[in-house]
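For clarity, every value in this text was computed on a predicted model and none was experimentally measured. The figures that follow rest on heavy atoms only: side chains count, while hydrogens, waters and symmetry mates do not.
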Amino acid sequence: MKVIDTQVHIWAASTPERPWMEGMEKRAHRDKPLSAEMVLQAMDEAGVTHVVLVPPSLDGDRNDLALAAAQRYPDRFAVMGRLLIDKPGAPARLERWKEDAGMLGVRLTFHRDNDRPFMTNGVADWFWPVAQRHDIPVMVHAPERIAEVGEIAKKYPRLRLIIDHMGFARETMDDKAQAAADRLLTLAPLQNVSVKVSAMPCFSSEAYPFRNLHDPIKRTIDGFGVARCFWGTDYSRLPDACSYRQAVTMFTEEMGLSGSDLEAVMGDSFSRAMGWPT
């Protein structure tokens, strides 16, 4: 079965030659950097066939490490790159976005003090029509702006939007998951909106297989349909109580999915939507 993890970060140490963004000194998910080769080993052990590399915020909008990995291992990695949309050169970069081998689309975040306002204060307004015109898929992490994402999807009906982590914020733990799923499901009628059912073990304080999240996950999959739901892990952020393999088997063995529905959520739907892997 094709198993595509739709979110994994890799990063290098901050050095004078290649520094992290200012203020990111304590933002890495792990004490030591995570390389593409380390991820490949983990993938093989967990039964993950393909990974979408999402450069972390540490690097600002440098996508070089992820793109280099995708070009070294094109049969295993592709990239959803970062773009700082408030920078003067961002529009010109987006016009050329798909010229880099391995680049599938853009990932934008609106969940920290520095970027949370951009969705509603006009900073992001230029981005959506350009992404629609060039058919650039956009992963969006905006857990406090689900309604606003819906308005953007309505305004730009050919813009392909993918909601990260079922729209959950870091504090969406345990019993808060049901209400978060309810908010997300208001977007289900919008056919240009898909969902990453990703990082789910991060939102439960229970032990594997995190049964308190099964119902909101299954309601989300039922509401959007398997063609618009994409599995993923946010591998470097998985809790200590969950191995990479368990993040896979939570869905393949514990959620009650089977047959073509399971294959769709675990990879086939993302592959069809993005044209990768071919």
Review point. Does the side chain to side chain contact (heavy atoms under 4.5 Å, CB included) test come out yes or no for L257 and T252, once each step is laid out?
Key: CA-CA 7 Å; L257 295 167; T252 60; over 6 Å; no

Review point. Is there a chain of hydrophobic side chains (I, L, V, M, F, W, Y, each step under 4.5 Å between heavy atoms) that links L58 to L65?
Key: no

Point to revise | Backbone N/O of M1 and side chain of E263: donor-acceptor pair under 3.5 Å | key: no

Check your understanding: Does the D59 side chain pair with the main chain of D61, one donor and one acceptor, at a distance under 3.5 Å?
Key -> no

Any side-chain heavy-atom pair of [X] and [Y] under 4.5 Å:
X    : Y    : value
R145 : R116 : yes
V195 : R228 : no
D75  : P277 : no
L161 : I152 : yes
S271 : H50  : no
R18  : D64  : yes
T109 : R107 : yes
W97  : M103 : yes

Exercise for review: Kindly state each residue pair satisfying ring pair (Phe, Tyr, Trp, His ring centres under 6.0 Å) with at least one member in residues 159-197, sequence neighbours excluded.
Suggested key: H141-H165, F168-F203

Pair [X], [Y]: side-chain N/O donor-acceptor within cut-off below 3.5 Å:
X    : Y    : answer
Y156 : N192 : no
E95  : H134 : yes
E37  : Y73  : yes
Y208 : S243 : no
R160 : Q132 : no

Any idea which heavy atoms bring [X] and [Y] closest together, and the distance?
X    : Y    : answer
W231 : A247 : NE1-O, 3.3 Å
V193 : A153 : CG2-CB, 3.6 Å
P55  : N63  : CG-OD1, 3.2 Å
V149 : A142 : CG2-CB, 4.3 Å
P209 : E254 : CB-CG, 3.5 Å
M250 : P201 : SD-CG, 4.0 Å

Check your understanding: Do W11 and H29 pass the side chain to side chain contact (heavy atoms under 4.5 Å, CB included) test, and can you show the C-alpha distance, the side-chain angles, and the key distance before you say yes or no?
Key -> CA-CA 10 Å; W11 66 93; H29 291 164; 4.2 Å; yes

Check your understanding: R272: what forms a side-chain contact (heavy atoms from CB on, under 4.5 Å) with it, not counting sequence neighbours?
Key -> A264, D268, S269

Starting at [atom1] of [X], measure out to [atom2] of [Y] and round the result to the nearest 0.5 Å.
X    : Y    : atom1 : atom2 : result
K32  : S236 : NZ    : OG    : 16.0 Å
L83  : I136 : CG    : CD1   : 9.0 Å
I10  : Y235 : CD1   : OH    : 12.5 Å
F127 : L108 : CZ    : CG    : 4.5 Å
R133 : L94  : CZ    : CG    : 8.5 Å
I85  : R93  : CD1   : CZ    : 12.5 Å

Salt bridge or not between [X] and [Y]? Use side-chain N to carboxylate O under 4.0 Å.
X    : Y    : result
R183 : E144 : no
R76  : D44  : yes
D135 : R158 : no
K218 : D222 : no
D234 : R237 : yes

Exercise for review: Show your working on side chain to side chain contact (heavy atoms under 4.5 Å, CB included) between M255 and I217 and close with a plain yes or no.
Suggested key: CA-CA 9 Å; M255 292 287 299; I217 293 170; 3.3 Å; yes

Check your understanding: Between F110 and F118, does the ring centre distance come in under 6.0 Å?
Key -> no

Exercise for review: Give the other cluster members for L104, using side-chain heavy-atom distances under 4.5 Å between Ile, Leu, Val, Met, Phe, Trp and Tyr residues; answer none if it is isolated.
Suggested key: I4, V52, V54, M80, M139, I162, F230, F270, M274, W276

Practice item. Go through F77 and M43 one step at a time and tell me if the side chain to side chain contact (heavy atoms under 4.5 Å, CB included) criterion holds. Key: CA-CA 11 Å; F77 295 136; M43 291 166 63; 3.6 Å; yes

Exercise for review: May I ask you to check whether over 12 heavy atoms, not counting those of K98, lie within 6.0 Å of atom NZ?
Suggested key: yes

**Study point:** Within 6.0 angstrom of K87 NZ, more than 12 heavy atoms from elsewhere
**Key:** no

